[in-house]
Engineer: 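Structure provided below as structure tokens; questions to follow.
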Amino acid sequence: MQDDLARLVPRVPIWRLAKVPQHLAWTDVRAVLDSIDDTTAVGKRDRALLLILATTGLRSQEVRRLELRDIRWRTGELYIRRTKTRRERVVPLLEEAGRALSTYILSGRPPGAHQTVFVCHVPPVRPISFSSTVAAIVRRRLVRCGLQAPRVGAHLLRHSIATRFVQQERPIKEVADLLGHHSIDTTAIYVKVAVPQLEGMALPFPGATHE
């Protein structure tokens with residue numbers, strides 16, 4: 001009988017925050033947004049939804065739970081009541097996202113008693129309850145724009161706006177506040193994508209000659 005040698009195989013360490021977050025280039029994000037036909041009710045919803053995700057970095061659960069009362073039109077803000085960290089926070093509502101949101105609410109969103117902003121348009125009209133529904137909306141819009149991504153969902157756009165901010169050399173605390181991170185250490189993973197800045201900090205390779 002042969003011995004089971006599986007226990008002798010060394011384990012490969014998996015370090016926390018070791019991976020580089022998958023994201024889209026901002027030109028691709030812009031192309032997806034511009035490709036949405038907002039002459040239909042579903043188009044109005046999808047454009048508003050993707051704009052909110054792409055400009056605020058909200059999680060899928062946060063955008064699904066967003067209610068009409070959480071929109072502060074006068075100050076241009078969204079009030080996020082229930083978050084992953086169980087903390088409330090306020091995120092900016094940019095002008096373009098605000099226009100798309102108001103257009104959807106006034107002329108695209110089906111009337112009903114539901115207080116959640118984004119709803120399913122297939123009868124019966126109901127709140128979007130699952131993250132898979134948000135992921136399907138994002139995936140459909142990417143495919144129609146000719147883009148593919150192994151992992152598609154709200155987090156793809158969340159990572160994209162965070163990456164864009166880091167590449168713009170925005171303070172890491174500002175990025176953490178936008179994403180609702182409790183610890184800056186969690187946000188620090190995005191520093192990996194700031195290649196030009198990291199190149200300027202790199203030390204010369206030992207023994208290298210300089211011309």
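Hydrogens, waters and symmetry mates play no part in the numbers below; they use all other heavy atoms, side chains included. Please read all numbers here as calculations on a predicted model, not as lab measurements.
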Engineer: Kindly say whether C120 contributes a backbone atom to a donor-acceptor pair with the side chain of R126 at under 3.5 angstrom?
Structural biologist: no
Engineer: Indicate yes or no for a side-chain donor-acceptor contact from H114 to the backbone of V125 under 3.5 Å, with no hydrogens or angles considered.
Structural biologist: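 Answer holds: yes.
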Engineer: Between D37 and R47, does any side-chain N to carboxylate O distance fall below 4.0 Å?
Structural biologist: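 No salt bridge links D37 with R47.
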Engineer: Measuring only between side-chain heavy atoms, which start at C-beta, is H121 closer than 4.5 Å to P110?
Structural biologist: yes
Engineer: Could you tell me if R72 sits above the aromatic ring of Y79, with its cationic atom closer than 6.0 Å to the ring centre and no more than 45 degrees from the axis?
Structural biologist: yes
Engineer: Could you tell me the separation between the CD1 atom of I161 and the CG atom of L24, rounded to the nearest 0.5 Å?
Structural biologist: 12.0 Å
Engineer: Check for a donor-acceptor pair, side chain of T56 on one end and backbone N or O of V91 on the other, with a separation under 3.5 Å.
Structural biologist: no
Engineer: Quick one: salt bridge (charged side-chain N to carboxylate O under 4.0 Å, His left out) partners of D38, sequence neighbours excluded?
Structural biologist: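 Checked D38 against salt bridge (charged side-chain N to carboxylate O under 4.0 Å, His left out); zero matches.
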Engineer: So, does R64 use its side chain to make a donor-acceptor pair with the main chain of S129 at under 3.5 Å?
Structural biologist: yes
Engineer: About how many Å separate CG of L94 and CG of L51, when rounded to the nearest 0.5 Å?
Structural biologist: 9.0 Å
Engineer: R30: which residues meet the salt bridge (charged side-chain N to carboxylate O under 4.0 Å, His left out) condition with it, sequence neighbours left out?
Structural biologist: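 Result, salt bridge (charged side-chain N to carboxylate O under 4.0 Å, His left out) vs R30: D34, E96.
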Engineer: Between CD1 of I52 and OH of Y104, what distance do you get to the nearest 0.5 Å?
Structural biologist: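 So the gap between those two atoms works out to 12.0 Å.
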Engineer: About how many Å separate CG of L33 and CH2 of W26, when rounded to the nearest 0.5 Å?
Structural biologist: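 Going from CH2 on W26 over to CG on L33, the span is 7.0 Å.
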Engineer: Looking at residues at least two apart in the chain, or sitting in another chain, which of them share a salt bridge (charged side-chain N to carboxylate O under 4.0 Å, His left out) with R99?
Structural biologist: E95
Engineer: Heavy atoms, side chains only, cut-off 4.5 Å: are L78 and V90 in contact?
Structural biologist: no
Engineer: Do W73 and L68 sit in the same hydrophobic cluster, where Ile, Leu, Val, Met, Phe, Trp and Tyr count as joined when their side-chain heavy atoms come under 4.5 Å apart?
Structural biologist: yes
Engineer: Kindly say whether V117 contributes a backbone atom to a donor-acceptor pair with the side chain of R109 at under 3.5 angstrom?
Structural biologist: yes
Engineer: Working to the nearest 0.5 Å, report the span between CG of L58 and CZ of R158.
Structural biologist: 8.0 Å
Engineer: Just so I know, are the side chains of V32 and L50 near enough to count as touching, which here means a heavy-atom distance under 4.5 Å?
Structural biologist: yes
Engineer: Distance from L147 atom CG to D28 atom CG, nearest 0.5 Å?
Structural biologist: 5.0 Å
Engineer: Under the salt bridge (charged side-chain N to carboxylate O under 4.0 Å, His left out) criterion, do R89 and E77 qualify, and how do the steps go?
Structural biologist: CA-CA 10 Å; R89 75 182 194 279; E77 296 172 329; over 6 Å; no
Engineer: Taking the side chain as everything from C-beta on, heavy atoms only, tell me whether R81 gets closer than 4.5 Å to R65.
Structural biologist: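 With C-beta onward as the side chain, the pair stays apart.
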